[in-house]
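Input: a single structure, listed below in structure tokens.
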Amino acid sequence: SQEVKYHDEL
Amino acid sequence: MNIFRFAGDMTHLISILVLLLKIYATKSCSGISLKTQELYAIVFVARYLDLFTDFISVYNTVMKLVFIGCSLAIVWCMRLHRVVRRTYNKDVDTFRHYFLVLGCFLLALFVHEKFTFQEVLWAFSIYLEAVAILPQLVLLQRSGNVDNLTVQYVFFLGAYRAFYILNWIYRYLTEPHFGRWIASVAGLVQTALYADFFYYYFISWKNNAKLQLPA
């Protein structure tokens with residue numbers, strides 16, 4: 001699956 | 001969210017609160033590198049551009065606002081507060097940190113996850129954070145004995161990134177698509193930079209002596 005492109009880390 | 005990352009975020013928050021406490025309580029910023037604080041402000045502004053575009057969680061948004069707010073407040077305090085600014089000794093804080101900014105930006109132009117404005121700035125902020133502590137470590141080296149709050153500030157800052165490395169290992173093992181190489185490699189470099197400081201901190205703590213950094 002297309003990896004969700006967001007940075008969920010601080 | 002795993003325990004390593006939460007512990008990392010909390011130690012990061014503690015490091016910033018320790019610094020704010022030191023400056024506010026002693027009305028002095030002696031022993032603190034303004035250049036490192038400026039680099040951190042750049043790191044947070046460059047990294048949290050998605051603050052208003054991508055909502056991830058309340059925790060994520062609140063922590064981003066706190067980190068940006070505190071880092072800007074510290075820089076403001078050290079530059080403009082009428083009492084604190086007089087205690088800033090720019091003669092010892094001489095690291096040419098603009099080269100760090102330029103170098104990290106050039107590296108981000110070549111090594112990033114996607115060639116978009118946000119991703120290049122994100123990679124830039126990751127690289128810059130890895131080296132942002134250098135002016136502070138150089139200042140500690142120069143000023144020899146330093147006060148405890150400054151030492152604790154650097155200690156918590158190092159511990160935060162060490163927790164993040166455990167977090168990346170954990171996520172790599174548990175999440176199939178997790179490939180955060182840029183942050184992991186930069187995080188390793190960052191923690192390695194603290195390693196010698198940690199060594200001397202541990203020795204001084206064991207001997208219950210004040211921190212003695214080799215000149």
**Asked** Measuring from B:Ile182:CD1 to A:His7:NE2, what's the distance to the nearest 0.5 Å?
**Response** 8.0 Å
**Prompt:** Quick one: which residues of residues 157-168 of chain B reach chain A at under 4.5 angstrom, heavy atoms only?
**Reply:** B:Tyr164, B:Asn167, B:Trp168
**Request:** Count the heavy atoms belonging to other residues, nucleotides or ligands that lie under 6.0 Å from OH of B:Tyr172, then report whether that count exceeds 12.
**Result:** no
**Item:** Atom CZ of B:Phe198 with >12 non-hydrogen neighbours under 6.0 angstrom
**Value:** yes
**Partners passing salt bridge (Lys or Arg N to Asp or Glu O under 4.0 Å) against B:Arg5 (at least two apart in sequence or in another chain)** = A:Asp8
**Asked** Within a reach of under 6.0 Å around CZ of B:Phe6, are more than 12 heavy atoms found that belong to other residues, nucleotides or ligands?
**Response** no
**Request:** Evaluate the side-chain proximity of B:Lys64 to A:Leu10: yes if any heavy-atom separation is below 4.5 Å, no if none is.
**Result:** yes
**Prompt:** Heavy-atom distance under 4.5 Å to chain A: side chain of B:Asp9, backbone, both or neither?
**Reply:** side chain
**Request:** Identify which part of B:Phe44 has an atom lying under 4.5 Å from any heavy atom of chain A, answering side chain, backbone, both or neither.
**Result:** neither
**Prompt:** Do B:Arg180 and A:Glu9 touch side chain to side chain, with heavy atoms closer than 4.5 Å?
**Reply:** yes
**Request:** Take atom CH2 of B:Trp205 as the centre, draw a 6.0 Å sphere, and report whether it contains more than 12 heavy atoms from other residues, nucleotides or ligands.
**Result:** no
